[in-house]
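Read the structure below first, then the notes.
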Amino acid sequence: MADSSRLCSVFLGSETGILKGVSLSRKQAFNFCNTQHLSRDEEVRVLVWGDRAETDLLLGARDGSVKTFSLEKGSFTETRSCGDPQEGGFTGLEVLEEGGLVTCQETGTIRVWREASSAPVAEVVTGKNVCRMRQNPAQRNKMATGGKENGLKIWDLENPKNPPAFSARNLKDDWLDLKRAQWVRDVAFMPQSEKVVTCTGYHQVHIHDPSSPQRRPVMEMEFGDHPLTALSLPTGGTSVVVGNTRGEVAVLDLRKGLVRGALKGLCGGVRALQCHPSLPIVASCGLDRFLRIHSLEDRKLQHKVYLKSRLNCLLLASQREEWGGGAGAGGEEVKKEEEGGEEDDEVWENMERVEEQGKRKSTTEEEEVLKRSKKGED
Amino acid sequence: MDITEVPVSNNNKGKNNEYKKPKNKSVTKERNAVEPKLEPKLEASETAFPPTFSVSEIKNKQRRHHMFMKFKLEKSKLKLQVKKKKKKEREALGDKAPPKEVPKTIENQRVYDETTVDPEDEEIAFDEGTDEFSAYFNGLTNPKVLITTSDRPRGRTVRFCEQLATVVPNAHVYYRRGLALKKIIPQCVARNFTYLMVINEDRKMPNGLVLCHLPDGPTAHFKISSVRLRKEMKRRGKDPTEHSPEVILNNFTTRLGHSIGRLLAALFPQDPQFVGRQVATFHNQRDFIFFRFHRYIFKNEKKVGIQELGPRFTLKLRSLQKGTFDSKFGEYEWVLKRHEMDACRRKFQI
């Protein structure tokens with residue numbers, strides 16, 4: 001079990017409560033669970049790395065418990081109860097720098113939990129019907145939330161009592177002067193700037209800029225006719241990958257607001273998308289029970305793995321050897337060439353000692369020089 | 001101007017000329033110039049068989065058709081000769097003859113689907129044991145079906161709905177009256193209905209079926225084709241009685257097939273003691289589900305007589321949506337994507 005958990009490069013949480021690990025190089029999938037004790041209450045809603053070194057996984061389950069899975073040991077080490085199942089499933093689970101947990105459930109209360117305490121240390125009420133809470137990877141105490149009729153808000157956990165640091169304004173009323181409906185399904189912070197990208201249930205993608213005085217979205221795009229459920233930002237910062245409930249996954253350009261291309265293959269609603277931090281790869285999972293890995297450069301399907309339950313969330317283990325395997329293999333090949341080069345040098349050195357061959361070399365060089373001069377004349 | 005004279009009187013010759021066609025298309029321009037020289041050579045060989053060109057390169061439609069017919073005739077003659085030879089050899093060998101080759105069909109050549117359900121798989125067994133149909137399969141609920149149509153149905157659809165109501169036990173037909181499905185669903189749930197069936201009509205023919213499992217179950221959208229009502233059936237038996245029919249589900253092998261199979265099976269009440277000799281069959285072949293309704297009688301231990309009663313129709317799954325009917329905001333578990341999924345002729349999803 002421990003070995004298999006170390007091999008896996010992608011971890012997924014399913015609706016049946018099973019944590020699955022997939023090793024792409026070996027084309028194997030592992031279930032980390034106790035088959036006798038499966039229950040739908042343990043449906044995994046969120047998955048997050050416990051620390052930057054990616055040695056621990058935290059799962060948020062439907063019954064309000066947060067489990068820790070250690071990759072070294074290959075088993076669940078800890079379970080904490082961090083919420084009420086009646087408040088809806090987890091919509092966000094994040095880890096703080098100083099070793100605390102932040103959870104958010106559908107009723108909208110963000111709670112901060114510290115080690116070994118059963119009551120939350122701090123609570124922030126964010127409104128009802130929250131669909132997603134995400135942490136800013138640059139400023140770890142800022143959280144963004146969004147939901148149905150609940151616009152994007154960015155909260156600072158160091159001052160939980162204050163109003164949100166940024167609260168987005170809804171789009172302008174439409175031509176009948178009716179308020180536009182808003183339904184934020186997924187949120188992502190753009191890495192190099194303060195901007196936040198959101199995708200909505202009304203098939204729009206918005207970019208908000210907290211540093212600008214404008215509270216309305218800076219950029220608005222539409223894709224398809226069905227609600228967009230998942231969103232991920234590849235490195236590069238100019239595009240975004242979105243998926244909707246019909247299984248249409250597309251790469252959108254953030255500068256112009258156009259569709260760059262679609263990633264084909266999914267036939268069920270997309271539940272989670274993640275782009276790899278360094279390689280141009282995006283992993284997607286959804287209701288059709290498959291994990292698919294597409295390459296972002298040519299938008300082709302690279303891997304497709306059948307995992308027998310509907311999948312809710314996924315995590316890429318970016319520091320695994322098999323991702324770096326590409327670079328490693330390249331390194332090995334380069335080394336081989338160098339070795340080959342060294343052997344060749346030795347061979348040439350041996351040859352140079354024989355005078356005749358040396359003369360031949362020099363004659364050929366002279367001929368080349370002559371040819372060049374002739375060509376020059378022409 | 002380069003005018004090449006092709007003799008019109010001798011039709012045969014003209015057709016034979018076309019045989020001298022090089023494979024390289026760039027050379028075709030030269031051919032016209034070369035033709036008159038090569039005519040005398042070709043007169044000797046009537047039909048260079050097999051020809052080194054394809055019949056499709058002849059531009060003249062009549063000649064092309066004639067050539068193609070000849071080609072087909074020769075091919076079928078060859079095939080017949082081969083068959084006769086094989087049959088003779090078989091008879092000559094008698095008992096030692098090699099076994100007959102199984103002909104290739106699309107079902108034989110079906111690409112193995114990785115989602116095919118293994119009966120011993122624990123995870124899938126758990127998944128199915130706790131899904132939306134678990135209440136039915138554990139014997140806790142009895143099906144109660146509401147059949148309705150799209151607004152203002154015409155004769156054929158109305159008769160189809162009535163016949164469906166006789167086939168499915170505990171089914172009630174209601175007139176649609178332009179009501180929204182999303183508003184009907186909570187009312188059905190309140191009245192303990194377990195299924196909502198909506199037959200969609202187009203140009204006086206039923207062409208779609210939305211089957212929604214009620215408490216919070218999946219919604220399947222099918223396309224209906226080849227509907228045959230009772231009076232159009234030949235050699236049919238008397239009308240079905242009130243007994244619950246047996247259900248036969250054939251060839252639902254993949255995970256999606258299992259879901260659909262359970263969806264269709266949960267329409268009928270579960271009763272292991274079969275009373276009436278009626279059976280409803282859902283047969284899946286090449287992603288089309290064929291529905292037949294028969295009455296059977298065992299004449300002796302090995303022989304059964306069957307009579308077809310009831311309507312027959314074909315279904316093709318277009319989408320399976322998680323949750324009750326919500327085509328705009330619901331999440332789809334499976335959607336038919338025509339050009340992506342139909343690319344391989346031997347790959348099926350159900």
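Throughout, protein chains are lettered first and strands after them, A, B, ... in sequence-line order, and every chain is numbered starting at 1.
- Among the candidates B/K322, B/Q321, B/K328, the residue making the largest number of heavy-atom pairs closer than 4.5 Å to chain A is B/K322.
- Not a single donor-acceptor pair under 3.5 Å links the side chain of A/R246 to the backbone N or O of B/W334.
- With values rounded to the nearest 0.5 angstrom, B/D131 atom CG is found 7.5 Å from A/R310 atom CZ.
- Counting heavy atoms from C-beta on, the side chains of B/R255 and A/Y306 come closer than 4.5 Å.
- By the 4.5 Å heavy-atom criterion applied to side chains, A/D288 and B/Y332 are not counted as neighbours.
- Rounding to the nearest 0.5 angstrom, the gap separating the CG atom in A/L287 from the CG atom in B/L320 is 9.5 Å.
- More than 12 heavy atoms of other residues, nucleotides or ligands sit less than 6.0 Å from atom CD of B/Q109.
- The side-chain heavy atoms of A/L266 and B/E340, taken from C-beta on, include no pair separated by under 4.5 Å.
- Taking a 6.0 Å sphere around NZ of B/K316, one finds it holds more than 12 heavy atoms contributed by other residues, nucleotides or ligands.
- Atom NZ of A/K300 sits in a sparse spot, with 12 or fewer heavy atoms from other residues, nucleotides or ligands closer than 6.0 Å.
- Summarising the local packing, NZ of A/K179 is surrounded by 12 or fewer heavy atoms from other residues, nucleotides or ligands at distances under 6.0 Å.
- Interface remark: of the candidates A/G286, A/P227, A/G269, A/G265, A/P227 forms the most heavy-atom pairs closer than 4.5 Å to chain B.
- Salt bridge A/R40/B/D127: present, at least one basic N to carboxylate O contact under 4.0 Å.
- Per-residue heavy-atom pair counts under 4.5 Å with chain B were compared for A/R289, A/R271, A/K264, A/E15, and the maximum is reached by A/R289.
- Rounding to the nearest 0.5 Å gives a distance of 12.0 Å between CG of A/L307 and OG1 of B/T115.
- With a 4.5 Å cut-off on side-chain heavy atoms, B/E331 and A/T229 count as touching.
- The environment of B/R152 atom CZ is sparse: at most 12 non-hydrogen atoms of other residues, nucleotides or ligands sit within 6.0 angstrom.
- No more than 12 heavy-atom neighbours from other residues, nucleotides or ligands sit within 6.0 angstrom of CZ on B/R318.
- Salt-bridge formation is not detected for the pair B/E128/A/K308: no Lys NZ or Arg NE/NH1/NH2 atom is positioned less than 4.0 Å from an Asp or Glu carboxylate oxygen.
- Residues A/E248 and B/K337 have side chains in contact (heavy-atom distance under 4.5 Å, counting atoms from C-beta outward).
- For the atom pair SG (A/C267) and CG (B/L336), the distance works out to 9.5 Å, reported to the nearest 0.5 Å.
- The contact between A/I18 and chain B is made entirely by side chain atoms (from C-beta outward), counting heavy-atom distances below 4.5 Å.
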